[in-house]
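Notes for the one structure printed next.
All heavy atoms count here, side chains included; hydrogens, waters and symmetry mates do not. Counting starts at 1 for both ligands and their atoms, following the listed order. Residue numbers start at 1 and run along the sequence shown.
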Amino acid sequence: MIKKSLFTCLSAVGLLLAFEASAGQSVEKNYAHFCAACHGADRLGGAGTALLPENLARLRRADAFKVIAEGRNASQMPGFGGGLAREDIQALVDFIYTPLPKVPVWGEKQINDSHLQRVMFGKFPDKPVFNADPLNLFVVVELGDHHATILDGDKFEPIHRFKTSFALHGGPKFSPDGRYVYFASRDGWISKFDIYNLKVMAEIRAGINTRNLAVSADGKTVLVGNYLPHSLVLLNAEDLSLIKVIPTIGQDGKSSRVSAVYQAEPRGSFVATLKDAKEVWEIPYGDKDFSARRIATDDYLDDFFFDQEYRHMIGAARDGKKGLVINLDSGKNVAVLDLPGMPHLGSGITWEYQGHPVMATPNLKEPVVSVIDMTTWQTIKQIKTLGGGFFMRSHENSPYAWTDGFNSTDHRDVMHIIDKRTLEVVKILRPMPGKTAAHVEFTRDGKYVLVSIWENDGWLLIYDAATLQEIKRLPMNKPSGKYNVYNKITRSAGTSH
Ligand code: HEC
């Protein structure tokens, strides 16, 4: 039900935003007109986050005012300072910090009741029903109309296109053999798709407002991190049945949202960070009771990634000026990184540079890519770009790293090609002038690069990774992320895991 009403709301968003609110209109009306399409009629979240006092613990009221007036950098949150009077914005601030009479419960019972097994398991063949390299497929998420396309990564031809849940978030994750892909949507629905047989196997609603999911390297368990309720949810990867709900309560006894969950294959564990407590949780997935080891951190971690060995975690708070390096073995905060431009660590990549492992991350606010030596944790170069970027990608077989200008105002249509050997921008592509170009992924062999033209009448552009020439384009409806099976399941250093 909720899914459906969100769809209707979202299609109406353009219309609603066109309304001119006059000062003095009731706050409920303003909320319904301007906010509900993204944050939910009931403030429980949708494409935007849930706006409840229990989820706004870290945001001071003055900052909430600023976010509503000016919008938020690098997100879909628009600014309303132009259309709403100051007192209207203040009323909205007070409104969102007012507790709901009743926050819906989403616990074991509700999760179990939502479980849908779509097909009989075990009766499908263990071979793909199509003729293509199953490890060189891409899952392309098309946000425009909530679909995903399975793409043949050799011929660059779509094999199958299917409807996904509302507003996928956080990137789909594959089973270790690459046969299944798991999706999480913002409104908590988790689904399992059999790529070989092109069928949705099972679905379950793990939360009301969800951040992302991870799949254990043994293929047995799925972990979901929620914004609302404040919980981690463990599911059986086979049929998505519920294993356990873990409420996320910090050492200080306060309940917290989850910023993200990942699996750390070399450690045999899941790693989760709390958003409202300075804590990382490591949960070994081999353990029966999935008990969490808590690691205290010096700051909040909204965004993070790992070195290739998963010994270190590199994280940052959203508004922080520094990055933190945490040694996951010792549990110690071992270094502070100079990352002044709001890094997007979730898109960080690593490679070998002059015999040392280095990491690189785009920065949302500053037009630079930070390159950091991962042995000394010193910044070795800030590579200048035309505008703040969001995604960065490379491949072991390519000397180039690609990054966009997604977060700039004037350079959303560019792709910067950085030579990983010299740390110089060697070429700037403008794939379709005036149209947003973002998110890159390489083919399994690193020979071709797929670039999204992130528009409703968008495209998937395919480039030769060596000559940097476009070789093909496919129409897509706001293609966002694309995920190569092989690069993901082998944890390629050039892509996020
Ligand atoms: C087009 C979608 C959209 C609309 C419309 C929208 N928001 Fe948002 N809003 C978002 C998204 C997405 C975020 C999360 C941004 C991020 O990634 O941090 C957000 C974040 C916020 C935050 C910060 C929450 C936090 O935890 O830091 C506040 C406050 C907020 N919105 C209030 C409002 C209000 C009030 C309105 C109506 C006047 C509104 N928003 C309209 C999408 C929207």
Side-chain angles (χ1 to χ4, degrees), residues 6-7 9-23 25-98 143-144 166-170 185-187 209-212 225-228 230 256-260 274-276 300-303 316-320 342 344-347 364-365 390 406-407 456 478 480:
L6 278 170
F7 273 122
C9 283
L10 209 77
S11 55
V13 68
L15 215 156
L16 295 174
L17 289 175
F19 270 80
E20 272 293 303
S22 52
Q25 180 158 267
S26 83
V27 66
E28 287 84 3
K29 273 200 181 142
N30 278 338
Y31 181 85
H33 276 166
F34 293 106
C35 321
C38 291
H39 291 286
D42 37 20
R43 288 159 52 205
L44 297 176
T49 42
L51 293 178
L52 307 176
E54 46 274 60
N55 275 25
L56 294 167
R58 256 177 75 193
L59 190 71
R60 289 174 309 159
R61 284 178 185 234
D63 292 326
F65 186 100
K66 216 171 147 214
V67 172
I68 299 169
E70 296 168 18
R72 184 174 274 168
N73 217 311
S75 84
Q76 291 174 59
M77 173 64 195
F80 293 89
L84 286 170
R86 289 187 67 84
E87 52 270 36
D88 288 329
I89 296 180
Q90 190 54 52
L92 281 165
V93 172
D94 297 339
F95 181 67
I96 62 177
Y97 284 87
T98 307
L143 282 181
F166 168 80
L168 295 182
H169 194 212
S185 69
R186 303 237 194 209
D187 60 356
N209 191 205
T210 291
R211 170 59 182 90
N212 75 334
N226 286 324
Y227 287 157
L228 192 77
H230 297 169
S256 169
R257 293 168 291 171
V258 176
S259 6
L274 301 195
K275 206 169 170 67
D276 305 301
Y300 297 107
L301 301 180
D302 293 313
D303 184 24
R318 206 194 143 85
D319 42 12
M342 201 191 243
H344 183 210
L345 292 169
S347 195
L364 304 178
K365 279 197 181 152
F390 198 67
F406 192 56
N407 206 43
N456 283 333
K478 204 179 228 185
S480 56

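Close contacts of ligand 1 with Ile68, meaning ligand atoms under 4.0 Å from a residue heavy atom, involve 32 (C), 35 (C). Close approach of ligand 1 to Ser75 is summarised as follows: ligand atoms under 4.0 Å from at least one heavy atom of the residue are 15 (C), 16 (C), 17 (O). Short contacts between ligand 1 and Ile96, defined as distances under 4.0 Å to a heavy atom of the residue, involve ligand atoms 29 (C). Near Ala47, with a cut-off below 4.0 Å to any heavy atom, the atoms of ligand 1 are 12 (C). Every atom of ligand 1 with a heavy atom of Pro78 under 4.0 Å away is listed here by number and element: 3 (C), 4 (C), 6 (C), 7 (N), 43 (C). The distance from ligand 1 to the heavy atoms of Cys35 drops below 4.0 Å at these ligand atoms: 34 (C), 35 (C), 36 (C), 37 (C), 38 (C), 39 (C), 41 (C). Taking a cut-off of under 4.0 Å to the non-hydrogen atoms of Phe34, the atoms of ligand 1 that pass are 5 (C), 37 (C), 38 (C), 41 (C). Counting the atoms of ligand 1 from 1 in the order shown, those under 4.0 Å from a heavy atom of Leu92 are 38 (C).
Counting only heavy atoms from C-beta outward, the side chains of Arg60 and Lys66 never approach each other to under 4.5 Å. In this structure, the side chains of Val258 and Tyr227 stay at 4.5 Å or more apart for every pair of heavy atoms. Contact of the Leu228 side chain with the Leu44 side chain is registered, since non-hydrogen atoms from C-beta on lie closer than 4.5 Å. Counting only heavy atoms from C-beta outward, the side chains of Arg211 and Arg186 never approach each other to under 4.5 Å. Side-chain contact between Leu274 and His230: absent, with no pair of heavy atoms (C-beta onward) separated by less than 4.5 Å. You'll find the side chain of Phe80 stays beyond 4.5 Å of the side chain of Glu70, heavy atoms only.
Heavy-atom distances between Arg257 and ligand 1 reach below 4.0 Å in at least one pair. Within the structure, the closest approach of Arg318 to ligand 1 falls below 4.0 Å when heavy atoms are considered. Remark: distances from the non-hydrogen atoms of Ala37 to ligand 1 are all 4.0 Å or more.
Across the listed options Gly48, Gly83, Gly46, Cys38, Cys38 owns the non-hydrogen atom lying nearest to atom 1 (C) of ligand 1. Taking each of His33, Arg72, Gln76 in turn, the one with a heavy atom nearest to atom 16 (C) of ligand 1 proves to be Arg72.
With respect to the salt-bridge test (charged N to carboxylate O, under 4.0 angstrom), the residues Lys29 and Asp88 do not qualify. Salt bridge Arg58/Asp276: absent, no basic N to carboxylate O contact under 4.0 Å.
In this model, no donor atom of one side chain and acceptor atom of the other lie less than 3.5 Å apart for Ser259 and Asp302.
By the criterion of a heavy-atom distance under 4.0 Å, the side chain of Leu51, and not its backbone, is placed next to ligand 1.
Asn209 contributes a side-chain N or O that, together with a main-chain N or O of Ala50, makes up a donor-acceptor pair within less than 3.5 Å.
At least one N or O atom of His39 sits closer than 3.5 Å to an N or O atom of ligand 1.
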